[in-house]
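I have placed the structure first, in the form of structure tokens, so that the comments after it can refer back to it.
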Amino acid sequence: MRGMKTEMARKGIWVPPDICQLKVTLLGTRPPIWRRLLVPSGGALEDLHAVIQAAVGWDDSHLHEFRIGHERFGKPDRSDWHVGPSAVRSERNAHLFRVLGAVGAKARYTYDFGDSWEHAIVVEKVLPPESQVAYPVCLAGKLQGPPEDCGGIPGYYNLLEALRDPNHPEHEDLREWVGGEFDPEAFSVDEVNRRLAPIQRWWAKNRK
């Protein structure tokens, strides 16, 4: 959330206090892997990216992109600026209250263009903030996020199959690769909010 408050104050941008309740679902998973999040509408898509990374358990080691309607948002490639305007708009300047500020608004978030983890984002509610709540916060969810670099959805389910079957030819190698144990059913709201804590502290400090 680098410098968002400073940039908006300098540009004189009014920031509503509303909170967006979002449901983020990792597409292609059965049963679905999902998270329900409360995120300040004054944040940008860049900030939402950081929240999703923490909520799902990703490492933010790959490229990503948001798609809202016909528009794409991400980190424009500066090396292409001499060619002309980028097809990708800056996620840093796309604030949630402008691009996802209404109930029912939808977006697609893609993480890691190789493994192609596609997430559906839906705005379920727009709520007033509660003074005793630290934002962003995870309310609920289901299942553990897949490990990084496991090969996308097909690779993830191959991984689970191999881990379940001691006779699978890749069982030992993949068990070692995940660090010995991987429980796909594991999910803890408290653990997600522990990962969100640095963002919560940033927001508490900079929203004033």
Side-chain angles (χ1 to χ4, degrees), residues 1-2 21-39 43-67 72-75 77 88 91 106-122 124 134-202:
M1 292 190 165
R2 301 185 292 274
Q21 178 175 305
L22 308 176
K23 185 174 183 182
V24 180
T25 304
L26 181 56
L27 299 177
T29 56
R30 293 291 181 272
I33 297 171
W34 60 272
R35 304 287 185 264
R36 179 164 286 117
L37 307 164
L38 295 180
V39 181
L45 289 177
E46 177 183 50
D47 309 317
L48 180 57
H49 160 67
V51 171
I52 295 173
Q53 288 287 303
V56 180
W58 301 125
D59 295 333
D60 196 9
S61 55
H62 298 281
L63 297 174
H64 67 276
E65 181 179 274
F66 290 92
R67 280 171 288 156
R72 297 162 56 206
F73 299 85
K75 298 184 185 298
D77 189 342
V88 178
E91 62 183 14
K106 298 179 180 180
R108 287 289 181 94
Y109 168 73
T110 303
Y111 173 62
D112 185 350
F113 298 152
D115 281 3
S116 196
W117 301 107
E118 293 272 350
H119 306 72
I121 301 171
V122 179
E124 296 182 316
Y135 298 105
V137 64
C138 180
L139 298 180
K142 189 172 181 62
L143 304 177
Q144 184 169 180
E148 296 266 0
D149 301 317
C150 67
I153 295 297
Y156 175 56
Y157 284 108
N158 177 72
L159 170 68
L160 295 185
E161 180 182 352
L163 293 177
R164 284 193 297 262
D165 181 4
N167 297 316
H168 193 285
E170 297 181 283
H171 176 79
E172 291 300 329
D173 288 343
L174 290 177
R175 190 171 185 275
E176 181 179 356
W177 183 75
V178 297
E181 298 293 336
F182 179 82
D183 181 4
E185 302 289 330
F187 171 76
S188 166
V189 167
D190 290 341
E191 173 61 20
V192 172
N193 285 319
R194 184 191 65 78
R195 296 196 297 263
L196 286 170
I199 306 175
Q200 293 171 348
R201 289 192 292 270
W202 185 96

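- In this structure a side-chain-to-backbone donor-acceptor pair under 3.5 Å is missing from D115 to W117.
- At least one side-chain heavy atom of I199 sits under 4.5 Å from a side-chain heavy atom of P136.
- Residues forming a side chain to side chain donor-acceptor pair (under 3.5 Å) with E161 (at least two apart in sequence, or on another chain): none.
- Of all heavy-atom pairs between L37 and A55, the closest is CD2-CB, 3.9 Å.
- With hydrogens and angles disregarded, no donor-acceptor distance shorter than 3.5 Å links the side chain of D173 to the backbone of E170.
- How far CG of L45 is from NE2 of H49: 11.0 Å, rounded to the nearest 0.5 Å.
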Are L38 and L139 close enough, and set up right, to give a side chain to side chain contact (heavy atoms under 4.5 Å, CB included), and what steps lead you there?
CA-CA 7 Å; L38 295 180; L139 298 180; 3.8 Å; yes
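- With sequence neighbours excluded, the residues forming a side-chain contact (heavy atoms from CB on, under 4.5 Å) with F182 are Q144, P147, Y156, L160, L163, V178, P184, listed by chain and number.
- Counting heavy atoms from C-beta on, the side chains of I33 and F187 never come closer than 4.5 Å.
- Taking the ring pair (Phe, Tyr, Trp, His ring centres under 6.0 Å) definition, one finds that F73 meets it with nothing, sequence neighbours left out.
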Step by step, work out the side chain to side chain contact (heavy atoms under 4.5 Å, CB included) result for L143 and T29.
CA-CA 10 Å; L143 304 177; T29 56; over 6 Å; no
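- Sorted by first and then second residue, the pairs that involve residues 55-66 and meet salt bridge (Lys or Arg N to Asp or Glu O under 4.0 Å), not counting sequence neighbours, are E65-R72.
- No side-chain N or O of H64 forms a donor-acceptor pair with one of Q53 less than 3.5 Å apart.
- For D165, there are no side chain to side chain donor-acceptor pair (under 3.5 Å) partners, not counting sequence neighbours.
- You'll find the side chain of R164 stays beyond 4.5 Å of the side chain of H171, heavy atoms only.
- In this structure, S61 OG and D112 CG are separated by 7.0 Å, a value rounded to the nearest 0.5 Å.
- Take R194 and apply the salt bridge (charged side-chain N to carboxylate O under 4.0 Å, His left out) test, not counting sequence neighbours, and it matches E191.
- For N193, the side-chain contact (heavy atoms from CB on, under 4.5 Å) partners are V137, C138, V189, L196, Q200, not counting sequence neighbours.
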Determine, stepwise, if the pair H168 / N158 fulfils side chain to side chain contact (heavy atoms under 4.5 Å, CB included).
CA-CA 10 Å; H168 193 285; N158 177 72; 4.2 Å; yes
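- Between I121 and I52, the closest side-chain pair of non-hydrogen atoms falls below 4.5 Å.
- A salt bridge (Lys or Arg N to Asp or Glu O under 4.0 Å) check over residues 136-152, counting only residues at least two apart or in different chains, returns nothing.
- Taking Y111 as the reference, W58, H62 meet the ring pair (Phe, Tyr, Trp, His ring centres under 6.0 Å) condition, with sequence neighbours excluded.
- Partners of E185 by salt bridge (charged side-chain N to carboxylate O under 4.0 Å, His left out), not counting sequence neighbours: none found.
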Let's go through R35 and V192 carefully: what are the C-alpha distance in whole Å and the side-chain angles of both, what is the deciding distance for side chain to side chain contact (heavy atoms under 4.5 Å, CB included) to 0.1 Å, and is it a yes or a no?
CA-CA 9 Å; R35 304 287 185 264; V192 172; 4.3 Å; yes
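- The side chain to side chain donor-acceptor pair (under 3.5 Å) search around E124 returns Q21, R36, not counting sequence neighbours.
- Evaluation of the side chain to side chain donor-acceptor pair (under 3.5 Å) rule for E118 yields R67, T110 as partners, not counting sequence neighbours.
- Looking at heavy atoms from C-beta onward, L48 lies in side-chain contact with F66 at the 4.5 angstrom threshold.
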